[in-house]
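Take a look at the structure below.
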Amino acid sequence: MSKKKWKTESKKDWLIAFVFVALIVYGISMYFTGRLNALLMGITNPRLTELNQPSGYGNAAVTFLIMGIITGAALAVKKQPCKKILPVVIAGAAACGVCIGAYFIHCELIVSVSESMNPGSVWISGSNLKNNGFSGNFSEEDENMAKLAELCASLKELPKGEQKKLREGFTYNYDDEITVWISYPEKYFHSYSLMLRIQDDKIFMLRDNGREIIFFEDNGLIKAVMSFI
């Protein structure tokens, strides 16, 4: 009984094989989603955390890059000239770069919601607050709320030198913090919530599951928060 060998001879066969392998590569990349998102967090706006990070861009970037390499290798095995192999590999790398660029733009758009829209709700809490903090829907008529939203939207990250000094002498303590959680309406196919923490007269945000601390300049936010509690 003769055995038939499956060969990719026609363009249709190559297309089916390409799609099949791409799905496998993308499926494998899903296993590393957490690591890919952690790597992308390094180029993410400092006011964005894992809570609001758009997912899938890292998986797509890796898939395009690997598929470019695999396709180039397949062409090399078929002894195709370099002028056919090189453009394929470059196209894969370019598509990878486009995915990362799209991720960066999407993150900036998500964060920009705090500058163009009013919050949906405001929540302020802390373990040591006597009145259990504050929670409620945003109201433009409430001057304190409007001021709080304005200050949150205009927060600026401290320079890298100051960040480093503060991290060296700072010990995060959940029991001593005040949490400010401002939720915004969904836009750009994603929701956005700004979660800030105040401890020892410092405004900061936790990222990378608490392993990274980003400090912000106090633009009057601490005083505005205290007016609610």
Side-chain angles (χ1 to χ4, degrees), residues 26 29-30 32-64 94-125 133-158 177-198 203-222 224-225 227-228:
Y26 187 83
S29 76
M30 294 295 290
F32 301 97
T33 297
R35 295 182 182 181
L36 292 172
N37 287 343
L39 287 173
L40 288 174
M41 187 59 72
I43 62 171
T44 303
N45 189 300
R47 288 190 289 164
L48 197 73
T49 65
E50 291 86 353
L51 180 66
N52 310 288
Q53 185 182 27
S55 187
Y57 288 98
N59 304 92
V62 168
T63 300
F64 278 121
C96 173
V98 168
C99 289
I100 294 174
Y103 165 83
F104 178 80
I105 293 172
H106 194 185
C107 289
E108 291 299 312
L109 287 173
I110 292 172
V111 172
S112 70
V113 169
S114 64
E115 300 173 359
S116 60
M117 299 180 68
N118 289 327
S121 61
V122 177
W123 181 55
I124 301 173
S125 67
F134 170 85
S135 63
N137 295 325
F138 179 80
S139 173
E140 291 185 25
E141 299 177 356
D142 190 321
E143 293 184 2
N144 289 336
M145 272 197 182
K147 185 64 175 178
L148 181 68
E150 179 185 345
L151 292 171
C152 286
S154 61
L155 276 176
K156 292 183 178 180
E157 184 182 3
L158 286 173
E177 73 167 11
I178 296 175
T179 302
V180 182
W181 189 342
I182 300 182
S183 179
Y184 293 86
E186 184 173 339
K187 194 176 182 181
Y188 303 116
F189 309 103
H190 210 282
S191 60
Y192 178 59
S193 296
L194 180 64
M195 183 180 287
L196 299 168
R197 302 168 193 271
I198 298 173
I203 303 170
F204 60 97
M205 180 181 288
L206 296 178
R207 301 207 307 184
D208 192 16
N209 296 317
R211 289 186 287 269
E212 180 185 11
I213 301 178
I214 297 178
F215 292 95
F216 295 90
E217 180 182 348
D218 183 13
N219 57 356
L221 180 64
I222 294 179
V225 169
S227 67
F228 285 88

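Remember, predicted model here, so these are calculated numbers, not experimental data.
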At what distance, to the nearest 0.5 angstrom, does CG of Leu36 lie from OG of Ser55? 9.0 Å
Does Phe64, at its CZ atom, have more than 12 non-hydrogen atoms belonging to other residues, nucleotides or ligands within less than 6.0 Å? no
Is a salt bridge present between Arg197 and Glu177, judged by a nitrogen-to-oxygen distance below 4.0 Å? yes
Answer yes or no: is there an ion pair linking Arg47 with Glu108, defined by an N-O contact shorter than 4.0 Å? no
Is the number of heavy atoms from other residues, nucleotides or ligands under 6.0 Å of Phe104 CZ greater than 12? no
Contact between Tyr26 and Val62 at the side-chain level, heavy atoms closer than 4.5 Å - yes or no? no
So Ser112 and Tyr188, do their side chains get closer than 4.5 Å, heavy atoms only? yes
Validation row: Arg207, Ile214 side chains within 4.5 angstrom (heavy atoms): yes
SG on Cys152 to CZ on Phe216, rounded to 0.5 Å: 10.0 Å
For the side-chain contact (heavy atoms from CB on, under 4.5 Å) test, which of Ile203, Val122, Ile124 pairs with Val225? Ile124
Hey, does the side chain of Thr44 reach the backbone of Leu40 with a donor-acceptor pair shorter than 3.5 angstrom? yes
Distance in Å, Met30 CE paired with Thr63 OG1, rounded so as to fall on 0.5 Å steps: 9.5 Å
Could you grab the distance from atom CD of Glu150 to atom OG of Ser114, nearest 0.5 Å is fine? 12.0 Å
Exercise: identify the closest heavy-atom pair between Pro185 and Gly120: CD-N, 4.1 Å
For residues Thr33 and Asn59, is any side-chain donor paired with an opposing acceptor at under 3.5 Å? yes
Can you tell me which residue among Ile110, Asn52, Val111, Leu109 is in a side-chain contact (heavy atoms from CB on, under 4.5 Å) with Asn45? Val111
Should Ile182 and Leu148 count as side-chain neighbours, where that means a heavy-atom distance under 4.5 Å? yes
What's the shortest heavy-atom distance between Met205 and Pro46, and which atoms? SD-O, 3.2 Å
By ring-ring contact (aromatic ring centres under 6.0 Å, His included), which residues pair with Tyr57, not counting sequence neighbours? Tyr103, His106
Does Ser193 form a side-chain contact (heavy atoms from CB on, under 4.5 Å) with Trp181? I'd like the steps, not just the answer. CA-CA 7 Å; Ser193 296; Trp181 189 342; 3.0 Å; yes
State, with a plain yes or no, whether a side-chain heavy atom of Val113 is found less than 4.5 Å away from one of Pro119. no
Looking at CG of Leu194 and CG of Leu196, how far apart are the two atoms once the value is rounded to the nearest 0.5 Å? 4.0 Å
Non-hydrogen side-chain atoms of Leu206 and Phe204 separated by less than 4.5 Å: yes
Would you check if Asn219 and Lys156 make a side-chain contact, meaning some heavy-atom pair closer than 4.5 Å? no
Separation between CD of Glu50 and CG of Asn37, rounded to the nearest 0.5 Å: 8.5 Å
